[in-house]
Structure formats: structure tokens, C-alpha cells
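Below: one structure, written as C-alpha cells.
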Amino acid sequence: MNLLQAYRRRLALAETGALQRLLADLRAQGITDERVLAAMDKVFRPDFVDDAFKNRAFENTALPIGHAQTISQPLVVALMTQQLIKGRKPQKVLEIGTGSGYQTAVLAELVPIVYTVERIKALSEQARQRLAALGYRNIHFGYSDGSQGWLPYAPYDGILVAAGADNIPEGLLKQLAPGGRLIIPVGGQSVQMLKSVERRGAGFYEEDLGRVSFVPLLGGRV
Ligand code: SAH
């Protein structure tokens, strides 16, 4: 964090207390991993939305980021991250759907190497510039269709999908390292079940984490 960021952050906190309220809300809703709470405290969400939404950035809601996409709800970011690192210290993770780069930053606070792919060029570029300006050096960006993962750097200790899929893509399971987890919303257009699939020996162990609402996982690049 540079001095200007630190200053803006203090100002926002002094003015509203909104970040403290958000963190309290996350705790109340089941986010208990202090590593996750510390990362959510550190990554300044107003940096990831347009000016028009900065005053709403500490609300526990998704917000528009253009291109018909949204920055994920903080609770969902925290929940996915918590499940990804539960009982683990992943060294290398893949995020599919960079979007604003907010979730990417939260992951980069907790994991030594983060790979992230985005199919919309403008969003990928914006996130790359934004995260570089914020000082992150452990993120590798890909402008690509991640619906079957990102093969060149596989396997990953964790894969987090930030868009709703019709089913669990086989390609993603194949790119999980032993003990690694895939966190993915699966289901319809507007509501999905957030699933966690862990690679255990020769098999996979699946868990449902609750209902969520993500934009759809689409193929191709634009
Ligand atoms: N966690 C992000 C969520 C962004 S919304 C944030 O908080 O900002 C989901 C993103 O997934 C969108 O930017 C969308 O373009 C992207 N996406 C959808 N399908 C994809 C695919 N097949 N490959 C890569 N990115 C995809």
C-alpha cells in the first residue's frame, strides 16, 4: 500500500466506519478464518469499482463493473476464499473470471502465486494495470477462456471459479493437485449452488456451500 492509498483508506474509515461494519457482518455470517478476515480488511474495495460506486463499495452486495459483469459480493468472496484455504496453505491457485480483480487481490494476500484468467479483454487489462499499481507482484494474468482451466501452469492447489457453470467441467478437475479444491457455482442462469470439490487420492469429494448468484461462465474471448 502506498501513502496515497493509506491516506484515502484512513479517510474513508474515519468518515463512515463502513469497513468495520462489513467485517462484523462477515463474521456474523460465518467467516471465521482470521487469515481471510485480515485479507478482506487489507484489500480496499473502493479501488476496484468506478467512481459512481465508490461510496457503496463497503456494502455487502455485488456492484456493476461494466461489460454486463459485476464485482462479487464480499461475503461470497470471503466464503470462497475460506473454503479454498481451509486447513491448507495453497502455494499456487487459479482464479477463473478476473473481473474487477478484487477477489484476485484477496487471493494474492494469502497465496504465494495466483493465476487469473478473464475472457473480456478490457476487464483483463484494467485489472492487470490496477493490481500492478497497487503493488501486487505475485499475480499472473491471462486473457483467455478459462472454462477448461489454464493448462500451461497446471496443476493448481486450488481453483476458484467466479462465474456460474452448467456443470463441473472435467478439465478443471484434471488440473487440481492432490488435496486441492475446486470452488465453483453450478446451476441455472440466476441462482447456483456453490460447490467445493476436493481431490482425494483417485477420487473427488463434493460439498455444497449454499446458494449464490453469479454471472454465467461463457466460452470464447471478447
Ligand atoms: N470475482 C470477480 C467476479 C467478476 S464477474 C470480481 O469480484 O470482480 C465474473 C467474471 O468472469 C466476468 O468478468 C466474466 O467476464 C468472467 N468470465 C465468464 N466466463 C469466463 C470464462 N469462460 N473464462 C474467463 N472468464 C470468464
Side-chain angles (χ1 to χ4, degrees), residues 48-50 62-73 76-77 79-81 83-84 90-108 110-132 136-177 180-199 204 206 209 212-222:
F48 296 84
V49 295
D50 292 341
L63 294 167
I65 55 170
H67 309 271
Q69 306 303 322
T70 53
I71 180 172
S72 304
Q73 184 192 1
V76 174
V77 169
L79 189 68
M80 292 176 96
T81 309
Q83 179 66 20
L84 195 76
Q91 295 301 302
K92 184 174 127 181
V93 298
L94 171 66
E95 174 193 38
I96 295 160
T98 315
S100 68
Y102 175 64
Q103 167 86 71
T104 323
V106 171
L107 290 172
L110 296 163
V111 180
I113 309 174
V114 176
Y115 292 89
T116 183
V117 295
E118 169 58 56
R119 66 181 284 276
I120 299 177
K121 190 169 195 181
L123 289 177
S124 178
E125 282 304 317
Q126 184 185 48
R128 184 195 301 261
Q129 283 167 20
R130 182 177 273 161
L131 290 161
Y136 290 97
R137 299 283 177 268
N138 58 336
I139 304 169
H140 301 268
F141 296 85
Y143 164 48
S144 76
D145 173 359
S147 47
Q148 293 300 322
W150 206 16
L151 200 52
Y153 306 101
Y156 303 96
D157 300 320
I159 302 177
L160 193 157
V161 183
D166 294 335
N167 45 48
I168 298 172
E170 192 71 20
L172 296 187
L173 294 177
K174 287 194 182 134
Q175 289 174 29
L176 272 186
R181 291 194 195 106
L182 165 67
I183 318 294
I184 181 168
V186 179
Q189 279 286 313
S190 55
V191 179
Q192 304 93 24
M193 176 56 73
L194 186 61
K195 290 188 177 283
S196 166
V197 190
E198 184 176 313
R199 178 165 220 154
F204 293 93
E206 199 174 309
L209 304 178
V212 287
S213 181
F214 275 90
V215 296
L217 184 70
L218 302 171
R221 294 195 302 177
V222 289

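FYI, side chains are in, hydrogens and waters are out, and symmetry mates aren't considered; it's all heavy atoms of this structure. All of these numbers come straight from a predicted model, not from anything done at the bench.
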Is it true that a side-chain atom of [X] and a backbone atom of [Y] form a donor plus acceptor pair closer than 3.5 Å?
X      : Y      : answer
Lys92  : Tyr115 : no
Ser196 : Ile183 : no
Glu118 : Gly99  : yes
Gln192 : Phe214 : yes

Could you pull out the closest heavy-atom pair between [X] and [Y], with the gap in Å?
X      : Y      : answer
Ser124 : Gly142 : OG-O, 4.0 Å
Asn138 : Ala108 : ND2-O, 3.0 Å
Gln91  : Pro112 : OE1-CG, 3.4 Å
Pro90  : Val111 : O-CG1, 3.4 Å
Leu160 : Met80  : CD2-CE, 3.7 Å
Leu173 : Leu182 : CD2-CD2, 3.9 Å

>> Please identify which of these residues, Glu95, Arg128, Gln103, meets the side chain to side chain donor-acceptor pair (under 3.5 Å) condition with Thr116.
In response: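 Option passing the side chain to side chain donor-acceptor pair (under 3.5 Å) with Thr116: Glu95.
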
Please report the interatomic distance [atom1]([X]) to [atom2]([Y]), rounded to the nearest 0.5 Å.
X      : Y      : atom1 : atom2 : value
Glu206 : Ile168 : CD    : CD1   : 4.0 Å
Thr98  : Ile139 : OG1   : CD1   : 9.0 Å
Tyr156 : Leu84  : OH    : CG    : 13.0 Å
Arg181 : Phe204 : CZ    : CZ    : 13.5 Å
Leu123 : Ile65  : CG    : CD1   : 5.0 Å
Arg119 : Leu217 : CZ    : CG    : 8.5 Å

> With a 4.5 Å heavy-atom cut-off, do Phe48 and Leu131 have their side chains touching?
Replying inline: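 Yes, close enough: below the 4.5 Å cut-off.
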
> Which of these passes side chain to side chain contact (heavy atoms under 4.5 Å, CB included) with Ile159: Val197, Ile184, Ile96, Val93?
Replying inline: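 Going through Val197, Ile184, Ile96, Val93 one by one, the side chain to side chain contact (heavy atoms under 4.5 Å, CB included) with Ile159 is satisfied by Ile96 alone.
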
>> I need the full list of side chain to side chain donor-acceptor pair (under 3.5 Å) pairs touching residues 142-155, with sequence neighbours left out, sorted by first then second residue.
In response: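 Pairs touching residues 142-155 that pass the test: Asp145-Ser147.
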
